[in-house]
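All remarks here apply to the structure that follows.
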Amino acid sequence: MSQQLGTLDDLPQDYRDDMTKAGVAPLWPMMRNVLPHGQPQPVTKTGHWKFDKLRPLLLRAGELTPVEKAERRVLVLSDPGRGTGAMQATSSIYLGMQLLLPGETAPAHVHTPSAVRIMVEGTGAYTVVDGERLPMEEGDLVLTPGGEWHDHGHDGDNPVIWLDALDLPLFVYLEGSYAKEGPLQAQRNRPDASQVEYLAAGLAPTRSRVSARKYPMMRYPWARTEPALRAMAAHGEVAELDYVNPETGADVLPTMGFTAMMLGSGDTDTPPLRSTSSAFHVIKGKGHSIINGHKIEWTNKDTFTAPVFSEITHHAEEDSFLIRVHDRPLQDRLGYYEERSR
Ligand code: 1HN
């Protein structure tokens with residue numbers, strides 16, 4: 001059973017001084033900080049970023065800072081548990097809102113962390129990943145896996161805003177985060193794989209397994225996600241679909257996972273407690289979520305987060321569509337993903 005452990009104050013000062021000089025410290029006074037009983041004690045606190053507050057700030061950034069001075073013009077969504085300026089929204093997930101103005105380009109670079117874009121507002125922007133031009137329309141999910149060159153451009157007439165989700169905190173923690181810069185990429189003159197090779201669920205091009213690409217499809221168009229959710233929701237309660245690699249059915253990235261959820265008007269969803277942290281982005285709809293007793297009233301384009309093992313209840317006041325970002329793929333690989341019933 002749990003035993004009260006000794007504290008630093010239990011130890012004589014000369015012994016503590018000698019330990020400090022030798023560059024060591026006793027484990028037992030700190031043991032429960034790093035190994036709490038029963039479940040983790042997250043530093044992360046629930047955050048809620050209302051889009052109508054972020055949008056004017058982003059547009060102002062567009063006036064104040066040319067894209068050439070920013071590389072990426074982004075406002076970072078900092079975890080309230082770590083304070084403004086924290087480069088993470090949860091333990092493992094970085095979130096930022098990015099603005100690109102008509103005619104602008106964001107230069108090509110490649111880095112070790114992986115990124116995913118969720119399109120929030122506007123039309124005409126695109127991301128080029130490894131030479132493939134991926135259009136970005138509202139609600140689309142676009143992958144830029146770690147190690148793949150990517151740049152952004154915008155041929156439309158109005159500002160474009162998207163949400164970036166990266167596994168950056170993990171790479172920073174591992175001291176593994178770095179980038180290389182390069183010239184804008186040449187674009188292959190051909191629609192992206194979601195429009196050519198993976199038009200129908202369950203069908204994939206006949207090709208030799210050895211030539212299979214690691215990331216065969218990097219754009220998941222919302223125009224196909226929403227009807228899929230509506231069809232499922234018509235025959236059950238809450239519909240939730242995993243974004244998967246269309247060749248293997250595996251998670252789209254090694255560390256981060258994504259789901260699309262539909263909650264019909266009046267629906268309530270009470271998921272199990274999960275060992276993952278999560279971020280929710282409201283594609284459209286209106287409702288509220290209770291996260292560890294904290295009520296979040298969300299609407300179109302809002303973003304909110306939940307720490308690990310949160311008690312979560314979602315309630316939709318109208319038909320609502322959310323994307324959930326989580327870190328289950330990473331936890332599966334580490335062998336500790338867990339769900340607990342409520
Ligand atoms: C990045 O590469 C992008 O490519 C956006 O749009 C945000 C935040 C941290 C590190 C790299 C992008 C980023 C980022």
Side-chain angles (χ1 to χ4, degrees), residues 47 49 54 57-58 61-62 65-79 82 84-122 124-138 140-156 159-185 187 192 215 218-220 252-256 258 279 281 303 305 323 325 327:
W49 294 270
L54 297 188
L57 290 171
L58 268 172
T65 306
V67 72
E68 296 75 26
K69 288 274 181 201
E71 188 163 327
R72 299 295 189 263
R73 194 191 289 110
V74 175
L75 296 180
V76 176
L77 280 50
S78 293
D79 164 29
R82 295 177 167 87
T84 310
M87 289 285 282
Q88 59 200 95
T90 76
S91 47
S92 65
I93 303 166
Y94 159 103
L95 297 175
M97 277 284 180
Q98 181 158 177
L99 171 77
L100 200 62
L101 296 172
E104 287 185 336
T105 53
H109 67 191
V110 59
H111 42 67
T112 46
S114 290
V116 164
R117 330 281 167 198
I118 299 167
M119 278 302 292
V120 178
E121 178 183 308
Y126 58 88
T127 289
V128 186
V129 182
D130 189 25
E132 185 166 79
R133 181 188 168 111
L134 306 159
M136 299 164 94
E137 300 301 329
E138 283 185 19
D140 287 2
L141 189 125
V142 169
L143 310 181
T144 56
E148 306 267 351
W149 285 95
H150 55 283
D151 55 69
H152 314 302
H154 184 4
D155 292 340
V160 151
I161 297 172
W162 65 77
L163 179 69
D164 295 308
L166 283 87
D167 52 12
L168 179 70
L170 177 67
F171 282 78
V172 170
Y173 179 78
L174 294 172
E175 299 186 339
S177 186
Y178 71 96
K180 287 181 232 164
E181 288 84 39
L184 290 179
Q185 299 165 81
Q187 299 167 22
D192 74 277
Y215 300 102
M218 291 187 287
R219 170 179 179 236
Y220 294 74
V252 292
L253 290 171
T255 57
M256 282 187 298
F258 302 84
H281 179 72
T303 306
T305 52
I323 290 186
V325 185
D327 50 4

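Atoms within each ligand, like the ligands themselves, are counted from 1 in listed order.
Among protein heavy atoms, atom 9 (C) of ligand 1 sits closest to Leu168 CD2, 3.8 Å. Considering only non-hydrogen protein atoms, atom 14 (C) of ligand 1 sits nearest to Leu166 CD2, 3.9 Å. At the shortest separation from atom 7 (C) of ligand 1 among protein heavy atoms lies Asp164 OD2, 3.7 Å. Looking at atom 4 (O) of ligand 1, its nearest protein heavy atom turns out to be Arg72 NE, 2.8 Å.
For the ring-ring contact (aromatic ring centres under 6.0 Å, His included) test, no residue two or more places apart in sequence or in another chain qualifies with His154.
Closest heavy-atom approach to atom 1 (C) of ligand 1 within the set Glu71, His111, Gln98, Arg73: this belongs to His111.
Ligand 1 places these atoms under 4.0 Å from at least one heavy atom of His150: 2 (O), 4 (O).
At a 3.5 angstrom cut-off on N or O pairs, Trp162 does not count as close to ligand 1. For a threshold of 3.5 Å applied to N or O pairs, the pair formed by Arg117 and ligand 1 contains at least one separation below that value.
If you look at Thr144 next to ligand 1, there are no close heavy atoms at all, none under 4.0 Å. If you look at His152 next to ligand 1, the close heavy atoms, those under 4.0 Å, all belong to the side chain.
Scanning all heavy atoms of the two residues, the minimum distance from Val67 to Thr105 falls at CG1-O, 3.6 Å. Between Gly146 and Ser114, the closest heavy-atom pair is N-OG, 2.7 Å. Nearest heavy atoms, Val129 versus Gln185: C-OE1, 4.0 Å. Of all the heavy atoms in Glu138 and Glu121, the pair that sits closest is OE2-CA, 3.5 Å.
In this structure, Met87 does not count as a contact residue of ligand 1, since none of its heavy atoms falls inside 4.0 Å of the ligand.
By the 30° and 60° cut-offs, the orientation of the rings of His111 relative to His109 is perpendicular.
Checked by atom type, the side-chain pair Thr65/Arg73 shows no donor-acceptor distance below 3.5 Å. No donor-acceptor contact under 3.5 angstrom links the side chains of Asp151 and Trp149, judged on distance only.
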